[in-house]
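Each remark here refers to the structure printed beneath this line.
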Amino acid sequence: MDEKNTPYYDVVIVGGGAAGLTAAIYTSRRALKTLIISKDIGGQAALTNEIENYPGVGLIDGFDLMNRFLEDAKKFGAEFKSGEVKEIEKKGEGDFLVKTTVGDFKAAAVILAFGLTPRDLGVPGEEEFKGKGVSSCATCDGPLYKGKVVAVVGGGNSALDAAEYLSRIAKKVYLIHRRDQFRGDEILVERVKSKDNIELVLNSKVKEIKGEERVKSIVVVDVNDESKEREIEVDGVFVEIGHVAKTKWLGDLVEYDERGQIKTNKNCETKTPGIFAAGDVTDIEYKQIIISGGEGAKAALQAYKYLQQTKGIKGAGIDWGVVKK
Ligand code: NAP
């Protein structure tokens, strides 16, 4: 596309999860022309069946909560496009070209908030049966397993959440974890343990996923003695073993920690002025909706400050805060 005709935005936000959508609410309320580009709406939070630790709203479905974030962002003028960002090119100070599957966009500032991607087990059969019994989203695919037998792999909040949710749909749930201690919240551990149709298979790992057209069984081995093998007949396997950062495409625009997450300072700045990052894709310790939202707000305010200082772009006003003497 002729660059002169490339649409311009003050801020392009990459990712439409809790961090990205909150950033959009903040930038658009500052009268910054804002575009969110995302593969999905709501990110990981939208895939969570029940959220009960987001303050002020009580028990809520993750998809509903994230749609409220999106509606708020749109209400203040942010635009949303469904697509994937492929490359960001720095042309000059406050001048970026964002290349996406839905066209190119010029931006004076960019906020990276595209979260993490589910981690694979890396065992035989996993790739082959993805979408044919292997899933990483209990909320999306769980309803397909009414009255059936499923396995959930993992020991964090996602696995516990998935096991509890699936126990209400499936006839039986095997929860397979490689240790005998869970990483998730105690309240979820207790809930899982109280379910008659959840069988804990601890100190165990999945060696293989077997099937024909679809998954038929999994082979599980004892982590301390791999000769102790058990084949369990299942109709589905939910892999809930955490997430990885897919950030390599950003090249040297940002710095990374040892997990490939984007390094930021406390104001969500990256090593490139004008590029900010927020939420799960960054090296912040805690991956929670409320924290991602807060980080998104910070990134937006910092982007606003950057645009005022470098481009003279005037938004709606300054933040409330301590006035320097
Ligand atoms: P996580 O907390 O990183 O837990 C990943 C689990 O998978 C761990 O138990 C880990 O075992 C296991 N695991 C990792 N690699 C494995 C492998 N190759 N084979 C077998 N098991 C493996 O990830 P998460 O559960 O997806 O949660 C991510 C973040 O989202 C957390 O901060 C979590 O609190 C948050 N979250 C919160 C909620 C909620 O508040 N309701 C719900 C979902 C997620 P080890 O324990 O042995 O390392």
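The chain is numbered in sequence order, starting from 1.
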Can you name the nearest heavy-atom pair linking [X] to [Y], along with the distance?
X      : Y      : result
Pro143 : Ile169 : N-CD1, 4.1 Å
Leu166 : Val152 : CD1-CG2, 3.6 Å
Ala277 : Ile262 : CB-CG2, 3.9 Å
Ala18  : Ser292 : CB-CB, 4.0 Å
Pro124 : Lys207 : CD-O, 3.4 Å
Gly133 : Tyr145 : CA-OH, 3.4 Å

Quick check for you: to the nearest 0.5 Å, what is the distance between [X] atom [atom1] and [Y] atom [atom2]?
X      : Y      : atom1 : atom2 : answer
Lys271 : Thr264 : NZ    : OG1   : 14.5 Å
Glu164 : Lys193 : CD    : NZ    : 15.0 Å
Leu116 : Lys287 : CG    : NZ    : 5.5 Å
Thr117 : Asp280 : OG1   : CG    : 10.5 Å
Asn265 : Phe276 : CG    : CZ    : 9.0 Å
Arg178 : Ile241 : CZ    : CD1   : 7.5 Å

TODO: Could you walk me through whether Thr282 and Gln261 pass the side chain to side chain donor-acceptor pair (under 3.5 Å) test, one step at a time?
DONE: CA-CA 5 Å; Thr282 70; Gln261 303 176 126; over 6 Å; no
Open item on the list: Enumerate the disulfide bond (SG atoms under 2.5 Å apart) contacts for residues 50-150, please, sequence neighbours excluded, ordered by first and then second residue.
Closed with: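 Qualifying pairs: Cys137-Cys140.
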- [ ] Sorted by first residue and then second, give each disulfide bond (SG atoms under 2.5 Å apart) pair with at least one member in residues 158-239; sequence neighbours left out.
- [x] none
Indicate yes or no: does [X] engage [Y] in a salt bridge with an N to O separation below 4.0 Å.
X      : Y      : answer
Lys130 : Asp120 : yes
Lys132 : Glu213 : no
Arg191 : Glu50  : no

pair [X]-[Y]: side-chain heavy atoms closer than 4.5 Å:
X      : Y      : result
Leu97  : Asp104 : yes
Val234 : Val150 : no
Lys305 : Gln302 : yes
Tyr54  : Val57  : yes

Open item on the list: Once salt bridge (Lys or Arg N to Asp or Glu O under 4.0 Å) is applied, do any residues pair with Glu255, and if so which ones, sequence neighbours excluded?
Closed with: none
Task: Pairs involving residues 85-103, ordered by first then second residue, that meet side-chain hydrogen bond (donor to acceptor under 3.5 Å, both in side chains) (sequence neighbours left out) - done: Glu3-Lys91, Glu89-Lys91, Glu89-Lys99, Glu93-Tyr306
Task: Pair listing, side-chain hydrogen bond (donor to acceptor under 3.5 Å, both in side chains) test, anchored in residues 232-241, at least two apart - done: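 Counting only pairs at least two positions apart or across chains, no side-chain hydrogen bond (donor to acceptor under 3.5 Å, both in side chains) contact touches residues 232-241.
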Please confirm whether the backbone N or O of [Y] pairs with a side-chain atom of [X], one donor and one acceptor, at under 3.5 Å?
X      : Y      : result
Thr139 : Leu47  : yes
Thr272 : Val254 : no
Asn267 : Glu269 : no
Tyr256 : Thr247 : yes
Asp185 : Asn157 : no
Ser204 : Leu202 : yes
Asn197 : Ser167 : yes

Open item on the list: Out of the candidates Leu301, Val11, Ile25, Asp10, only one should pair with Arg30 under the side-chain contact (heavy atoms from CB on, under 4.5 Å) rule; please name it.
Closed with: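 Exactly one option meets the side-chain contact (heavy atoms from CB on, under 4.5 Å) with Arg30, and it is Leu301.
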Is it possible for you to say whether [X] and [Y] belong to one hydrophobic cluster, with membership spreading through side-chain heavy-atom contacts below 4.5 Å?
X      : Y      : answer
Tyr165 : Leu65  : no
Val173 : Val206 : no
Val110 : Trp249 : yes
Ile41  : Ile289 : yes
Ile37  : Ile13  : no

Task: Reference residue Lys210; test salt bridge (Lys or Arg N to Asp or Glu O under 4.0 Å); the match among Glu231, Glu126, Glu128 - done: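 Single salt bridge (Lys or Arg N to Asp or Glu O under 4.0 Å) partner of Lys210 among Glu231, Glu126, Glu128: Glu231.
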- [ ] Could you tell me whether Lys172 sits above the aromatic face of Tyr174, with NZ or CZ closer than 6.0 angstrom to the six-membered ring centre and within 45 degrees of the axis?
- [x]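 Yes, a cation-pi geometry.
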Would you check if there is a donor-acceptor pair between the side chains of [Y] and [X] at a distance under 3.5 Å?
X     : Y      : value
Ser28 : Thr34  : no
Thr48 : Asp161 : no
Tyr9  : Glu79  : yes

- [ ] Output, in order, the C-alpha distance, side-chain angles, deciding distance and verdict of salt bridge (charged side-chain N to carboxylate O under 4.0 Å, His left out) for Lys171 and Glu199.
- [x] CA-CA 11 Å; Lys171 183 168 69 183; Glu199 181 178 331; over 6 Å; no
Open item on the list: Once side chain to side chain contact (heavy atoms under 4.5 Å, CB included) is applied, do any residues pair with Arg179, and if so which ones, sequence neighbours excluded?
Closed with: His177, Gln181, Arg183
